[in-house]
Amino acid sequence: MTNSSNKPPIWFWIVSIIALVWNGMGVNAYLQQAYNTESYQEMYSPEQLEIAANMPAFITGAFAIAVFAGALAAIGLLLRKSWSVKLWYLSLIAVIVQMGYILINGYASSMVMTIMIVAFAFLFVWFARKSEANGWLS
């Protein structure tokens, strides 16, 4: 049980909401790709769509794990649950697998976005661990 002395500061809530929005955007991107929506097709060139359509299943699975584990982890942060730390690690591992494959094979259409995705994954793991160490998660 948490007590009032372990009450997180306001920036904890701000970062947790940013984490939820970020991973919510990731879930949306995954679902658009998975269902091959019209808006998804309009965002990319035919060559990029072909690359995405031919990704190995394990990379598509890593994408799904990264965003859904991240979204659940962000919800866990907002609920102040320590199990969110494990989900952040799972999301980070999936991000590394997915982005590593994309970088190794030269498929990154935006290096800035690729770096941001990896950086945020590490940041959220660090933040969750720090929150747990500060007693803000139970």
Side-chain angles (χ1 to χ4, degrees):
M1 218 33 150
T2 61
N3 58 39
S4 59
S5 66
N6 288 336
K7 205 171 177 185
I10 190 71
W11 58 266
F12 168 87
W13 301 106
I14 293 168
V15 173
S16 297
I17 289 168
I18 290 169
L20 181 61
V21 170
W22 175 259
N23 283 281
M25 292 185 323
V27 167
N28 180 53
Y30 172 78
L31 292 174
Q32 283 193 26
Q33 180 178 323
Y35 289 104
N36 201 22
T37 64
E38 196 173 308
S39 61
Y40 168 74
Q41 292 176 17
E42 291 170 358
M43 288 190 299
Y44 299 102
S45 70
E47 295 81 20
Q48 291 171 315
L49 291 171
E50 185 68 25
I51 290 168
N54 292 313
M55 282 286 171
F58 79 95
I59 296 302
T60 303
F63 184 15
I65 291 168
V67 298
F68 285 103
L72 287 173
I75 291 168
L77 273 182
L78 289 167
L79 296 173
R80 297 179 56 196
K81 298 298 181 184
S82 61
W83 50 257
S84 67
V85 176
K86 291 179 179 80
L87 286 175
W88 283 121
Y89 274 114
L90 178 62
S91 179
L92 173 62
I93 291 166
V95 164
I96 291 169
V97 169
Q98 179 194 16
M99 293 301 138
Y101 181 88
I102 287 170
L103 287 171
I104 288 169
N105 289 289
Y107 295 149
S109 58
S110 168
M111 190 59 73
V112 172
M113 183 55 102
T114 303
I115 291 169
M116 278 181 53
I117 291 167
V118 174
F120 271 112
F122 275 103
L123 175 73
F124 293 140
V125 166
W126 171 82
F127 179 74
R129 288 187 64 205
K130 183 164 179 54
S131 297
E132 185 177 45
N134 287 338
W136 301 334
L137 307 179
S138 60

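Numbers for residues simply follow the sequence, beginning at 1.
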Heavy-atom pair with the smallest gap, counting every atom of [X] and [Y]:
| X | Y | value |
| --- | --- | --- |
| N23 | A66 | OD1-O, 4.1 Å |
| A62 | V97 | CB-CG1, 4.1 Å |
| A71 | L20 | O-CD1, 4.0 Å |
| G135 | R80 | O-NH2, 4.4 Å |
| A73 | S84 | O-CB, 3.3 Å |
| W88 | A74 | CZ2-N, 3.6 Å |

What distance do [X] atom [atom1] and [Y] atom [atom2] have between them, rounded to the nearest 0.5 Å?
| X | Y | atom1 | atom2 | result |
| --- | --- | --- | --- | --- |
| N134 | K7 | CG | NZ | 16.0 Å |
| Q48 | Q41 | CD | CD | 13.0 Å |
| Q32 | E42 | CD | CD | 10.0 Å |
| S16 | L79 | OG | CG | 10.0 Å |
| E132 | W83 | CD | CH2 | 12.5 Å |
| N6 | S138 | CG | OG | 9.5 Å |

> After noting the C-alpha distance and the side-chain angles of T60 and Y30, does the key distance pass the side-chain contact (heavy atoms from CB on, under 4.5 Å) rule?
Replying inline: CA-CA 9 Å; T60 303; Y30 172 78; 4.1 Å; yes
> Considering residues at least two apart in sequence or located in another chain, which fulfil the side chain to side chain contact (heavy atoms under 4.5 Å, CB included) criterion with I18?
Replying inline: I14
In this structure, would [X] and [Y] fall into the same cluster of hydrophobic residues linked by side-chain contacts under 4.5 Å?
| X | Y | value |
| --- | --- | --- |
| I51 | M99 | yes |
| I65 | W22 | no |
| W13 | V85 | yes |
| L87 | I75 | no |
| Y44 | M25 | no |

>> Run I59 and F63 through side-chain contact (heavy atoms from CB on, under 4.5 Å) and show every step you take.
In response: CA-CA 6 Å; I59 296 302; F63 184 15; 5.8 Å; no
> If we only count heavy atoms from C-beta on, is the Y89 to R129 side-chain gap below 4.5 Å?
Replying inline: yes
> With side chains defined as the heavy atoms from C-beta onward, is the minimum distance between Y40 and L49 less than 4.5 Å?
Replying inline: yes
For residues 106-128, please give each side-chain donor-acceptor pair under 3.5 Å, one per line with the distance, not counting sequence neighbours.
| residue | atom | partner | partner atom | Å |
| --- | --- | --- | --- | --- |
| S110 | OG | M113 | N | 3.2 |
| T114 | OG1 | S110 | O | 2.9 |

>> Determine whether L77 and F12 satisfy the following criterion, side-chain contact (heavy atoms from CB on, under 4.5 Å), listing intermediate values before the conclusion.
In response: CA-CA 9 Å; L77 273 182; F12 168 87; 4.2 Å; yes
> Stepwise, does the side-chain contact (heavy atoms from CB on, under 4.5 Å) test hold for I102 with M55?
Replying inline: CA-CA 9 Å; I102 287 170; M55 282 286 171; 4.1 Å; yes
